[in-house]
Engineer: 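My questions all concern the structure below.
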Amino acid sequence: MNKEHPNIGILKRFDPSNPNTLADVLAEDFVWHYINPKLRELEGDYFGLSGLTDFFNRLAGRTSGSFKVNPISITPMGDELITTHVKDTMFLEGKPMEIDAIVVWCIINGKIKEAWDIPVIHTAKVLEL
């Protein structure tokens with residue numbers, strides 16, 4: 001029987017829709033790196049809980065509150081890194097979209113220290129309603 005990597009349990013508690021719970025899992029000097037040349041106004045680094053909240057608020061504004069993360073897989077890489085594959089869905093510029101993304105998480109001493117959010121923008125799908 002395989003035991004779940006302890007950092008997966010920490011990551012499962014990460015819920016950006018509930019900022020009150022984030023203080024328990026984020027390091028004080030947490031950094032969220034967002035890489036997306038198609039959304040230059042959101043691209044960049046966001047620092048601490050307030051920066052992360054700002055990022056998700058800006059993303060919600062850009063997508064009319066429709067942004068959702070649908071987890072596909074989660075893989076621990078050694079003692080500090082976890083990679084997640086997600087399928088993001090949203091309305092962007094009035095069109096329903098589906099985008100694969102990878103997020104690489106760095107967890108140190110039981111806290112999420114850094115994350116790199118990398119959407120696969122070249123193969124984003126416009127969905128038919």
Side-chain angles (χ1 to χ4, degrees):
M1 177 155 108
N2 292 336
K3 285 177 86 174
E4 182 176 82
H5 192 284
N7 287 345
I8 291 176
I10 293 165
L11 193 55
K12 284 180 176 178
R13 295 185 356 238
F14 177 83
D15 180 5
S17 68
N18 187 353
N20 295 328
T21 65
L22 293 176
D24 293 337
V25 295
L26 296 182
E28 285 186 30
D29 58 348
F30 169 79
V31 182
W32 180 266
H33 306 280
Y34 185 65
I35 304 157
N36 187 342
K38 297 278 187 180
L39 289 175
R40 292 226 183 260
E41 71 274 15
L42 295 177
E43 194 172 45
D45 296 335
Y46 297 82
F47 299 92
L49 175 57
S50 63
L52 182 67
T53 302
D54 178 53
F55 169 77
F56 280 103
N57 286 338
R58 292 175 67 194
L59 185 59
R62 188 74 163 84
T63 64
S64 301
S66 65
F67 179 79
K68 296 212 180 339
V69 176
N70 305 293
I72 304 296
S73 68
I74 184 168
T75 306
M77 312 295 277
D79 292 333
E80 296 177 0
L81 297 177
I82 292 182
T83 59
T84 55
H85 171 210
V86 299
K87 195 167 291 280
D88 297 333
T89 57
M90 69 200 85
F91 281 85
L92 189 59
E93 297 173 359
K95 298 175 188 160
M97 304 285 292
E98 182 177 82
I99 299 172
D100 285 304
I102 297 294
V103 182
V104 179
W105 306 85
C106 179
I107 299 175
I108 309 275
N109 296 326
K111 298 278 187 171
I112 301 170
K113 174 117 172 122
E114 212 163 354
W116 295 263
D117 183 350
I118 310 163
V120 185
I121 57 173
H122 303 291
T123 58
K125 296 178 188 96
V126 176
L127 303 175
E128 299 294 323
L129 290 180

Engineer: Using ring pair (Phe, Tyr, Trp, His ring centres under 6.0 Å), reason through Y34 and Y46 one step at a time and then give a plain yes or no.
Structural biologist: CA-CA 8 Å; Y34 185 65; Y46 297 82; 7.5 Å; no
Engineer: Specify the closest pair of heavy atoms between C106 and W116, including all atoms of both residues, with the distance to one decimal.
Structural biologist: CB-CZ3, 4.1 Å
Engineer: Identify the heavy atoms of D79 and N7 that sit nearest to each other, and give their distance.
Structural biologist: O-ND2, 2.9 Å
Engineer: Quick one: do I82 and T75 satisfy side-chain contact (heavy atoms from CB on, under 4.5 Å)? Show the steps, please.
Structural biologist: CA-CA 6 Å; I82 292 182; T75 306; over 6 Å; no
Engineer: Please report the shortest heavy-atom distance between K111 and L26, naming the atom on each side.
Structural biologist: CD-O, 3.7 Å
Engineer: Quick one: does L39's side chain get under 4.5 Å of N36's, heavy atoms only?
Structural biologist: yes
Engineer: Heavy atoms only: give me the nearest D117-V103 pair and the separation to one decimal.
Structural biologist: OD1-CG2, 4.0 Å
Engineer: Is there side-chain contact between V25 and T21, with at least one heavy-atom pair below 4.5 Å?
Structural biologist: no
Engineer: When rounded to the nearest 0.5 angstrom, what is the spacing between CD1 in I72 and NZ in K87?
Structural biologist: 5.5 Å
Engineer: Flag the pair E98 and K68 as a salt bridge only when some basic side-chain nitrogen lies within less than 4.0 angstrom of an acidic carboxylate oxygen.
Structural biologist: no
Engineer: Using a 4.5 Å cut-off on heavy atoms from C-beta on, say whether the side chain of F91 contacts that of T63.
Structural biologist: no
Engineer: Once the angle between the rings of F14 and W105 is folded into 0 to 90°, is it parallel (under 30°), tilted (30 to 60°) or perpendicular (over 60°)?
Structural biologist: perpendicular
Engineer: Kindly give the heavy-atom pair with the smallest separation between I35 and P119, and that separation in Å.
Structural biologist: O-CD, 3.0 Å
Engineer: Applying salt bridge (Lys or Arg N to Asp or Glu O under 4.0 Å), which residue pairs with at least one partner in residues 17-32 are found, sequence neighbours left out?
Structural biologist: D29-K113
Engineer: Taking C-beta and beyond as the side chain, do I112 and F30 meet within less than 4.5 Å on heavy atoms?
Structural biologist: yes
Engineer: Taking the side chain as C-beta and beyond, is there a heavy-atom pair between M90 and I99 under 4.5 Å?
Structural biologist: yes
Engineer: Using the salt bridge (Lys or Arg N to Asp or Glu O under 4.0 Å) rule, collect all pairs that involve residues 54-67, keeping only residues at least two apart or in two chains.
Structural biologist: E41-R62, R62-E93
Engineer: From T83 OG1 over to M77 CE, what is the distance, rounded to the nearest 0.5 angstrom?
Structural biologist: 5.0 Å
Engineer: When clusters are formed by joining ILVMFWY residues with side-chain heavy atoms under 4.5 Å apart, either directly or through shared neighbours, do W32 and V104 land in the same one?
Structural biologist: no
Engineer: Give me the other members of the hydrophobic cluster that V31 sits in, counting Ile, Leu, Val, Met, Phe, Trp and Tyr linked by side-chain heavy atoms under 4.5 Å, directly or via other members.
Structural biologist: F47
Engineer: Below 4.5 Å, heavy atoms only, C-beta onward: do I102 and T84 meet side chain to side chain?
Structural biologist: no
Engineer: Please find the pair of heavy atoms, one from D88 and one from V86, that lie closest to each other, and give the distance.
Structural biologist: OD1-CG2, 3.5 Å
Engineer: Let's go through T89 and M97 carefully: what are the C-alpha distance in whole Å and the side-chain angles of both, what is the deciding distance for side-chain contact (heavy atoms from CB on, under 4.5 Å) to 0.1 Å, and is it a yes or a no?
Structural biologist: CA-CA 6 Å; T89 57; M97 304 285 292; over 6 Å; no
